[in-house]
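One structure is given here, and the rest of the page talks about it.
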Amino acid sequence: MTDVVLFHHAQGLTAGIREFADRLGTAGHHVTVPDLYDGATFDTRDAGRTHAEELGFRTVLERGRAAVDGLPGEVVYAGFSLGVLPAQMLAQTRPGAQGAVLVSACIPPSEFGDAWPGGVPLQMHAMEDDALLLADGDLDVARELANTVAGAELHLYPGDGHLFADSSLPGYDAAATELLVARMLDLLG
């Protein structure tokens with residue numbers, strides 16, 4: 001069993017994120033799913049992003065850090081889009097990190113330190129034609145990490161969806177999500 005902390009995307013802690021967490025739990029892992037928005041969810045990514053901007057991204061990061069207080073250090077951090085911020089920060093800065101799974105976003109490691117920490121496995125997942133990922137330059141960052149971090153994995157799926165692994169949203173892609181889950185379970189195993 002692996003301890004996993006799974007951070008939600010800008011639309012909040014949706015039913016689809018809870019379902020994704022349940023799939024990991026059913027496979028025998030202990031999954032913590034913090035609610036960075038105190039119960040608020042949003043019908044659109046733009047509305048959720050506006051909420052995150054109003055909160056402040058520093059607040060999102062601090063809520064992520066506070067969510068793991070009291071948890072063991074030996075955790076795999078995972079995040080979807082906005083949730084990549086706290087997941088990646090914690091994977092890079094919290095002692096004992098066992099890995100990171102970044103979905104639909106990737107931040108330059110220099111935001112949280114000098115480089116990706118040695119010995120911390122990294123998986124990145126995205127759709128190859130995700131306009132948001134391309135516009136933000138996240139795909140370039142992910143490719144750079146895949147080329148420079150020993151053992152890092154970058155998995156690109158056909159399509160253009162951003163929140164493709166959230167079954168409660170219109171852009172859900174069941175086939176891509178199945179592959180993501182299988183690859184993540186391999187990492188957790």
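Values reported hereafter were calculated over all heavy atoms of this structure, with side chains retained and with hydrogens, waters and symmetry mates removed.
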- Kindly check if the number of other-residue, nucleotide or ligand heavy atoms within 6.0 Å of CZ (Arg94) is above 12?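 Correct, the count exceeds 12.
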Quick one: does any side-chain atom of [X] pair with a main-chain N or O of [Y] as donor and acceptor, under 3.5 Å?
| X | Y | value |
| --- | --- | --- |
| Glu128 | Asp160 | no |
| Ser81 | Ala105 | no |
| Tyr77 | Gln92 | no |

- [ ] Please confirm whether Phe42 and His51 have ring centers closer than 6.0 angstrom.
- [x]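 Ring centroids of Phe42 and His51 are less than 6.0 Å from each other.
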Spatial distance of atom [atom1] ([X]) from atom [atom2] ([Y]) [nearest 0.5 Å]:
| X | Y | atom1 | atom2 | answer |
| --- | --- | --- | --- | --- |
| Leu154 | His125 | CG | NE2 | 9.0 Å |
| Thr50 | Leu55 | OG1 | CG | 11.0 Å |
| Asp3 | Thr32 | CG | OG1 | 6.5 Å |

For residues 130-147, which residue pairs qualify under side chain to side chain donor-acceptor pair (under 3.5 Å), counting only residues two or more places apart or in two chains?
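For residues 130-147, and leaving out neighbouring residues, the side chain to side chain donor-acceptor pair (under 3.5 Å) pairs sorted by first residue read Asp130-His162.
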Worksheet entry | Pairwise side chain to side chain donor-acceptor pair (under 3.5 Å) hits with a residue in residues 100-117, at least two apart |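 Output for this query is empty, none listed.
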- Query: Phe57 versus Leu82: any side-chain heavy-atom pair under 4.5 Å?
  - Reply: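 Phe57 reaches Leu82 side chain to side chain.
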**Ala176: side-chain contact (heavy atoms from CB on, under 4.5 Å) partners, not counting sequence neighbours** =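 Checked Ala176 against side-chain contact (heavy atoms from CB on, under 4.5 Å); matches are Met127, Tyr157, Phe164, Asp173.
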Only pairs at least two apart or in different chains count here, so list each salt bridge (Lys or Arg N to Asp or Glu O under 4.0 Å) that has a residue in residues 24-48.
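Output for this query lists Asp38-Arg63.
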Discussion item. Please list all pairs meeting salt bridge (Lys or Arg N to Asp or Glu O under 4.0 Å) that have one or both residues in residues 97-110, counting only residues at least two apart or in different chains.
Written reply: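 As it turns out, there is no salt bridge (Lys or Arg N to Asp or Glu O under 4.0 Å) pair with a partner in residues 97-110 once direct neighbours are skipped.
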Which residue in the set His9, Gln11, His8 passes side-chain hydrogen bond (donor to acceptor under 3.5 Å, both in side chains) when paired with Asp166?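 Per the side-chain hydrogen bond (donor to acceptor under 3.5 Å, both in side chains) rule, the option paired with Asp166 is His9, out of His9, Gln11, His8.
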Listed by chain and number, what are the salt bridge (Lys or Arg N to Asp or Glu O under 4.0 Å) partners of Glu178, not counting sequence neighbours?
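In terms of salt bridge (Lys or Arg N to Asp or Glu O under 4.0 Å), with neighbours along the sequence ignored, Glu178 is linked to Arg23.
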